[in-house]
Amino acid sequence: MTGYTLEGDQELQRMFGKDFLIPNYPQTVLEKAGSSYSRVGKDDPYVIRDGKLVTGQNQQSASEYALVLLRAISGKSPVSEA
Amino acid sequence: MRFKPGAFASVTPTHNPRIIHESALHHFQLRDGVLVLGMSPILTGIWSNVELRSILRAPRAARSSTILTAIRTSPTRPSPRTWSARASCPIPNWFARLDTTLKLSDVDLSRYDAVHVAGGRGATFDLFPSEDVARALEHFWAEEKVVGAICHGAIALEISPAAFAGAR
């Protein structure tokens with residue numbers, strides 16, 4: 001599965017200062033839980049579907065994530081009427 | 001270096017997604033509901049521009065089938081860092097719906113085919129740890145329904161490590 005990267009969170013905190021609180025980092029939490037976390041470049045789109053589970057890495061992945069999620073729900077491609 | 005027409009699209013074809021959304025999802029009909037799990041807006045709000053609204057572009061979902069929920073009953077607000085002009089919002093009654101989010105613990109989970117966990121920094125405050133979120137996600141997983149999470153929303157998947165640990 002994937003989710004927002006630790007690298008991205010740490011960059012946000014450097015950018016916005018110490019008041020930009022992120023109490024838990026998704027990548028760290030998921031890795032500690034023993035999940036099979038993977039990622040690509042910090043700002044690159046990345047979507048993983050594993051059966052009924054769909055995850056997207058970041059906001060850049062939102063469009064593809066929506067397409068994959070809708071297909072997982074309906075069983076049909078949202079980009080085709082067929 | 002001069003920009004070469006087409007080069008951007010060929011390297012990252014997914015960076016032209018808005019066209020796909022408008023033309024394809026406009027005609028897409030969800031069979032049933034999708035439970036959309038946002039979070040309380042205490043400091044951060046939802047990352048609404050793309051992560052929440054992307055799934056809501058399906059017209060039927062935007063009208064009635066999809067229910068916005070929050071951990072608390074206070075109105076959900078989009079992050080000021082991500083929000084765009086109201087005039088650009090394609091979803092009917094979007095702001096009114098943000099004002100009337102349901103409390104997650106009051107939702108009948110059996111009514112929904114899937115759950116979508118939106119991202120935004122607020123997820124790291126509200127969605128983990130949370131017994132209500134754990135109960136909801138374990139319901140969808142146990143019933144073999146679709147579970148989706150994006151960006152910081154993925155933090156919610158930790159609450160059921162036994163279920164999700166082996167998942168890619």
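Order of the sequence lines fixes the chain letters, A, B, ..., with proteins taken first and strands second; residue numbering starts at 1 for each chain.
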Can you tell if the side chain of [X] reaches within under 4.5 Å of the side chain of [Y], non-hydrogen atoms only?
| X | Y | answer |
| --- | --- | --- |
| A:L53 | B:L157 | yes |
| A:P26 | B:T124 | yes |
| B:I150 | A:Q57 | no |
| A:V54 | B:V147 | no |

Legend entry - For chain B, the option from A:N24, A:V47, A:T28, A:D9 that forms the most heavy-atom pairs under 4.5 Å: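 Most heavy-atom pairs within the cutoff with chain B belong to A:N24.
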Legend entry - Which of A:G3, A:G8, A:G56 touches chain B most, by non-hydrogen pairs under 4.5 Å: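 Winner by heavy-atom pair count: A:G56.
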Inset, instruction - Locate the shortest heavy-atom distance separating B:A154 from A:T2; write the atom from each residue and the value. - result: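 The answer is CB-O, 3.5 Å.
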Legend entry - Nearest heavy atoms of B:K145 and A:K52, plus distance in Å: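 Scanning both residues completely, I find the closest heavy atoms to be O-CB, 3.6 Å.
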Inset, instruction - Taking A:N58 for its side chain and B:C151 for its backbone only, find out whether a donor-acceptor pair lies under 3.5 Å. - result: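 No, the answer is negative, given that no donor and acceptor are paired below the 3.5 Å cut-off.
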Legend entry - Short side-chain to backbone donor-acceptor contact, A:Y65 and B:A149, under 3.5 Å: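 Judged by distance alone, yes, a pair lies under 3.5 Å.
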Legend entry - Nearest-0.5 Å distance that lies between atom CD in A:E31 and atom CD in B:E158: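 One gets 12.5 Å once the value is rounded to the nearest 0.5 Å.
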Inset, instruction - Applying side-chain contact (heavy atoms from CB on, under 4.5 Å), run through B:I155 and A:L30 and close with a yes or a no. - result: CA-CA 7 Å; B:I155 201 169; A:L30 292 173; 6.0 Å; no
